[in-house]
There are 2 protein chains.
Amino acid sequence: MSDAFEALAHPVRRQILRLLRDGAMSAGHLAEHFDLAKPTLSGHFTVLKNAGLVTTERHGTTILYRLNMSVMEEAMAALLSLMGKAEEKATPWKSVPHSS
Amino acid sequence: MSDAFEALAHPVRRQILRLLRDGAMSAGHLAEHFDLAKPTLSGHFTVLKNAGLVTTERHGTTILYRLNMSVMEEAMAALLSLMGKAEEKATPWKSVPHSS
DNA sequence: CCTATAATTCGTTAGTTTCCTAAATAACAA
DNA sequence: TTGTTATTTAGGAAACTAACGAATTATAGG
């Protein structure tokens, strides 16, 4: 879990995740959104990948980066658990009616 | 927001927050839970305080640390926004019926 | 004022992060 | 094979982090 928060701690990496919200994107296309050298971005990709926050998929010469929602959700759960009181530690999620 | 995630990235600091879930605690009492020198813990307290995740309150010679829920919630919201799709970016929170 | 207690700041060391340029690798096309 | 494009790896400089012991500040009580 430290790795995930560490990865989230850098604004460039959060922006990368934001760009990936709408779907996978290649390293090159992602790099166009930043004023940084490509190797620098590649380093950020590695941090995100090691944290499990993104997955990769090669398509010919390009490599697609994709958000890994399950790890994002694990980070959410970890953060949530830091907020709950101890006596609520093991409380299962309360279900609420669907609104749609 | 970087500061908050940076602060959350260290296991000792997450444990400190966990210890504070049930109420404020003095620096010394917190330090008893770790096998680290007090100056080291004091450094971690400073990181948490600079991130806004805790507040302090002096009582005589002791200093009480207390969770700052509102900043914890801001971190939650930031993480949540990284997960939502762009077209949901500005979606206001949907209200659900109270369960109690 | 003097002493004791609680906590922080200072100074140092070792290891890590971030960024760069240059070189290497992978896949494809001619 | 040769060249082109996409991306990563290598190597290095500057800045930052985490940890410690020693010294310092702040407060309370005699």
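Everything numeric here is computed off the predicted structure, so don't read it as measured data.
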Using heavy atoms to find the nearest nucleotide of DNA chain C for A/Val47 and B/Gly43 separately, return the residue whose nucleotide is more 5′.
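Of the two residues, B/Gly43 wins.
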For B/His44 and D/dT17, is the shortest distance between a side-chain N/O and OP1 or OP2 below 4.0 Å?
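For D/dT17, OP1/OP2 do not have a side-chain N/O of B/His44 under 4.0 Å.
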At under 4.0 Å, does any side-chain N or O of B/Tyr65 touch on OP1 or OP2 of C/dA6?
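For C/dA6, OP1/OP2 do not have a side-chain N/O of B/Tyr65 under 4.0 Å.
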Within this structure, what is the [atom1]-to-[atom2] distance between [X] and [N], rounded to whole angstrom?
| X | N | atom1 | atom2 | result |
| --- | --- | --- | --- | --- |
| A/Leu48 | D/dT7 | CG | P | 16 Å |
| B/Phe45 | C/dT9 | CZ | C1' | 15 Å |
| B/Asn50 | C/dT9 | CG | C1' | 14 Å |
| B/Glu57 | C/dA7 | CD | P | 13 Å |
| B/Phe5 | C/dT17 | CZ | P | 18 Å |
| A/Asp3 | C/dT16 | CG | P | 13 Å |
| B/Arg14 | D/dA18 | CZ | C1' | 15 Å |
| B/Ile63 | D/dT27 | CD1 | C1' | 10 Å |

Below 3.5 Å between N/O atoms, which protein atoms pair up with nucleotides 27-30 of chain C? Just atom names and distances, please.
none

Sugar-phosphate only, base, or nothing, as touched by B/Phe34 at under 4.0 Å among non-hydrogen atoms:
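Nothing: the residue B/Phe34, judged by heavy atoms under 4.0 Å, touches no strand.
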Tell me the ring-ring contact (aromatic ring centres under 6.0 Å, His included) pairs involving residues 11-33 of chain B, sequence neighbours left out?
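Applying ring-ring contact (aromatic ring centres under 6.0 Å, His included) to every pair that reaches into residues 11-33 of chain B, excluding sequence neighbours, yields B/His29-B/His33.
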Under the ring-ring contact (aromatic ring centres under 6.0 Å, His included) definition, can you give me all pairs with a residue in residues 56-75 of chain B, not counting sequence neighbours?
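Of all non-adjacent pairs touching residues 56-75 of chain B, those that pass ring-ring contact (aromatic ring centres under 6.0 Å, His included) are B/Phe45-B/Tyr65.
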Give a yes or no on whether B/Met76 and A/Leu8 share a hydrophobic cluster (residues Ile, Leu, Val, Met, Phe, Trp, Tyr; joining criterion: side-chain heavy atoms under 4.5 Å apart).
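Linked, B/Met76 and A/Leu8 end up in one cluster.
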same_hphob_cluster(B/Leu19, B/Leu64) at 4.5 Å side-chain heavy-atom cutoff:
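No, because B/Leu19 and B/Leu64 fall into different hydrophobic clusters, even though each may have its own neighbours under 4.5 Å.
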Please determine, for the side chain of A/His10, which listed nucleotide (C/dC19, D/dA18, C/dT8) has the closest atom?
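The nucleotide sitting nearest to the side chain is C/dC19.
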Please enumerate all residues that pass ring-ring contact (aromatic ring centres under 6.0 Å, His included) together with A/Phe5, with sequence neighbours excluded.
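Residues passing ring-ring contact (aromatic ring centres under 6.0 Å, His included) with A/Phe5: none at all.
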Where the side chain of [X] meets the backbone of [Y], is there a donor-acceptor pair that is under 3.5 Å apart?
| X | Y | answer |
| --- | --- | --- |
| A/Ser2 | B/His10 | no |
| B/Asn68 | B/Thr55 | no |
| A/Thr62 | A/Arg58 | no |

In this structure, which one of B/Arg13, B/Met72, B/Lys49 forms a side-chain contact (heavy atoms from CB on, under 4.5 Å) with B/Val54?
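Passing option: B/Lys49.
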Return the residues of residues 23-30 of chain B meeting this criterion: a heavy atom under 4.0 Å from some atom of DNA chain C. Order them by number, or give none.
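B/Ser26, B/Ala27, B/Gly28, in order of number.
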Could you list all N or O pairs between the protein and nucleotides 20-22 of chain D that sit under 3.5 Å apart?
unit_1 : atom_1 : unit_2  : atom_2 : d
D/dC20 : OP2    : B/Ala37 : N      : 2.9
D/dC20 : OP2    : B/Thr40 : OG1    : 2.4

Decide side chain to side chain donor-acceptor pair (under 3.5 Å) for A/Ser81 and B/Arg18; before the verdict, give the C-alpha distance in whole Å, the side-chain angles of both, and the deciding distance to 0.1 Å.
CA-CA 8 Å; A/Ser81 89; B/Arg18 227 169 269 127; 5.1 Å; no
Could you go through the side-chain contact (heavy atoms from CB on, under 4.5 Å) check for A/Arg21 and B/Met83 one step at a time?
CA-CA 6 Å; A/Arg21 284 184 310 190; B/Met83 287 194 276; over 6 Å; no
Return the CD to CD distance between B/Glu6 and A/Glu6, rounded to the nearest 0.5 Å.
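Result: 5.0 Å between the selected atoms.
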